[in-house]
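Data block below; observations after.
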Amino acid sequence: MASHISLTTASLIVFLVLLPTSYGGSVPESDIDLVEFPLNLEFLEAEFFLWGSQGYGLDTVAANLSKGGPPPVGARKAILDPFIRDVIYQFALQEIGHLRAIQSKVKGFPRPLLNLSAASFADVMNSAFGKPLNPPFDPYANGLNFLLASYVIPYVGLTGYVGTNPNLQGAASKRLVAGLLGVESGQDAVIRALLYRKAAAKVHPYGITVADFTYRISNLRNNLGKSGLKDEGLVVRPVRGAEGKSRGNVLAGDKFSLAYARKPEEILRIVYGGGSERHPGGFYPQGANGRIARSFLQKSKAF
């Protein structure tokens with residue numbers, strides 16, 4: 001009996017000793033680069049949502065989080081109704097929280113130069129449709145345009161978190177990424193749901209439906225990512241819908257309705273706008289920051 005108690009006590013002591021390292025708050029060195037990389041997209045989302053809803057950016061509300069990085073180019077306050085403005089402002093505050101959360105675990109890096117101009121989003125839409133839209137698409141012109149522009153962003157980060165999670169070693173890293181993924185998924189779901197209500201509506205003045213915009217944007221991201229189908233619009237062929245039975249596609253997912261995953265290089269190919277992780281452009285004129293993103297730029301210089 002005594003030996004049984006001693007064994008139980010010893011086991012409990014071992015468990016308590018191991019607990020801080022297994023479930024503590026520090027990110028292991030092997031995870032640091034993977035945890036830092038998403039800061040690039042969190043900066044993009046924070047700035048776009050802040051400027052769009054409030055007319056100012058991170059430097060006004062939490063300048064320390066930018067770590068001295070340059071302010072974004074071309075961002076401005078959008079013409080939004082009170083409801084959409086409130087939703088987007090909540091997104092902005094959530095992104096600030098994400099920046100704080102990540103930077104509380106890892107050192108991070110300065111905010112990269114971001115191009116949030118109307119022209120930058122117009123380039124995305126022109127690429128999506130394979131021709132210039134006339135007049136050029138302006139994300140800041142109205143609420144519907146802003147939601148379509150927002151459709152471009154959080155989903156990319158969502159797939160990045162899904163792709164990162166299996167490669168993490170530490171419990172603290174996994175908890176952090178799971179928490180970030182949960183809210184990013186929620187943002188994407190809200191955006192998709194708001195757009196889904198207007199799926200059949202035509203976007204003025206183009207005469208193109210909201211559903212077709214989302215199809216084109218998703219198809220563009222698939223093409224740029226160069227890793228097959230990982231993106232779907234709001235209306236799909238039934239075989240692509242949940243259980244192969246639905247044309248409506250308010251949430252994107254694979255044949256099991258599980259979220260798609262993307263690697264860092266796939267994400268860079270998309271947000272750079274040119275299909276290459278080695279050639280900056282798009283929303284990141286000088287490239288993304290952090291060791292993962294910069295390593296691809298260094299490889300480019302080596303060739």
Side-chain angles (χ1 to χ4, degrees), residues 33-34 36-45 112 114-115 120-133 137 148-168 177 181 184-185 188 191-192 212-237 239-240 249 251-303:
D33 290 347
L34 291 171
E36 284 188 335
F37 178 78
L39 283 169
N40 288 295
L41 289 175
E42 299 291 357
F43 277 126
L44 175 64
E45 294 172 44
L114 301 169
N115 183 356
S120 181
F121 284 92
D123 287 343
V124 172
M125 299 304 179
N126 291 345
S127 296
F129 283 92
K131 63 180 181 181
L133 295 184
F137 181 86
L148 287 168
S150 298
Y151 179 91
V152 172
I153 302 173
Y155 181 76
V156 178
L158 180 166
T159 57
Y161 284 130
V162 175
T164 295
N165 199 49
N167 298 316
L168 297 173
V177 167
L181 172 59
E184 291 291 329
S185 299
D188 182 64
I191 292 166
R192 292 180 72 100
D212 197 26
F213 261 88
T214 64
Y215 165 76
R216 300 281 184 156
I217 294 167
S218 289
N219 195 46
L220 173 66
R221 291 189 297 211
N222 283 327
N223 291 336
L224 292 175
K226 299 179 179 178
S227 294
L229 178 69
K230 296 189 176 183
D231 221 302
E232 299 168 341
L234 294 175
V235 178
V236 295
R237 289 181 294 133
V239 69
R240 292 289 187 194
N249 198 42
L251 297 180
D254 65 13
K255 65 179 180 179
F256 300 114
S257 291
L258 300 178
Y260 293 104
R262 284 190 171 109
K263 299 176 182 178
E265 54 266 39
E266 297 173 57
I267 291 172
L268 293 173
R269 291 170 196 157
I270 294 168
V271 297
Y272 287 174
S276 172
E277 64 272 31
R278 295 184 173 88
H279 298 96
F283 298 119
Y284 299 85
Q286 297 177 358
N289 281 343
R291 286 182 30 159
I292 292 176
R294 303 316 285 187
S295 70
F296 291 115
L297 299 183
Q298 291 167 4
K299 290 177 184 176
S300 175
K301 293 177 182 178
F303 286 100

Please answer whether the main-chain N or O of [Y] pairs with a side-chain N or O of [X] as donor and acceptor at a distance below 3.5 Å.
X	Y	value
Lys230	Asn222	no
Tyr151	Ile217	no
Arg294	Ala288	yes
Arg216	Gly130	no
Asp123	Ser120	no

In Å and rounded to the nearest 0.5 Å, what is the [atom1] to [atom2] distance from [X] to [Y]?
X	Y	atom1	atom2	value
Glu277	Phe296	CD	CZ	5.5 Å
Asn40	Phe283	CG	CZ	13.5 Å
Leu224	Ile267	CG	CD1	13.0 Å
Met125	Lys131	CE	NZ	14.5 Å

**Item:** OH (Tyr215) with more than 12 external heavy atoms under 6.0 Å
**Value:**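 12 or below, so no.
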What is the minimum heavy-atom distance between [X] and [Y], and which atoms define it?
X	Y	result
Pro112	Phe43	CD-CD1, 3.7 Å
Val152	Arg221	O-NH1, 2.8 Å
Phe256	Asp254	N-OD1, 2.8 Å
Gln286	Pro280	C-CB, 3.9 Å
Val162	Ala261	CG1-CB, 3.7 Å
Pro132	Asn126	CA-OD1, 3.3 Å

**Message:** Show every side chain to side chain donor-acceptor pair (under 3.5 Å) that has at least one partner inside residues 256-265, sequence neighbours left out.
**Reply:** Thr159-Arg262, Asp231-Arg262, Glu232-Tyr260
**Verdict with supporting geometry, Ile153 and Phe121, side-chain contact (heavy atoms from CB on, under 4.5 Å)** = CA-CA 11 Å; Ile153 302 173; Phe121 284 92; 4.1 Å; yes
**Item:** Thr164/Asn167 under side-chain contact (heavy atoms from CB on, under 4.5 Å): CA gap, chis, key distance, verdict
**Value:** CA-CA 6 Å; Thr164 295; Asn167 298 316; 5.6 Å; no
**Request:** Evaluate side-chain contact (heavy atoms from CB on, under 4.5 Å) for Asn249 paired with Val235, printing each intermediate quantity in order.
**Result:** CA-CA 5 Å; Asn249 198 42; Val235 178; over 6 Å; no
Report yes if some heavy atom in the side chain of [X] is under 4.5 Å from a heavy atom in the side chain of [Y]; otherwise report no.
X	Y	answer
Ile191	Tyr155	no
Tyr284	Leu114	yes
Arg192	Thr214	no
Pro154	Glu184	yes

**Residue list, ring-ring contact (aromatic ring centres under 6.0 Å, His included) with Phe129, at least two apart or on another chain** = Phe213
**Item:** Test log, rule side-chain contact (heavy atoms from CB on, under 4.5 Å), inputs Asn289 and Leu39
**Value:** CA-CA 8 Å; Asn289 281 343; Leu39 283 169; over 6 Å; no
**Prompt:** Got a sec, which residues hit salt bridge (charged side-chain N to carboxylate O under 4.0 Å, His left out) with Asp33, two or more places apart in sequence or on another chain?
**Reply:**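 For Asp33, the residues satisfying salt bridge (charged side-chain N to carboxylate O under 4.0 Å, His left out) (neighbours in sequence not counted) are Arg291.
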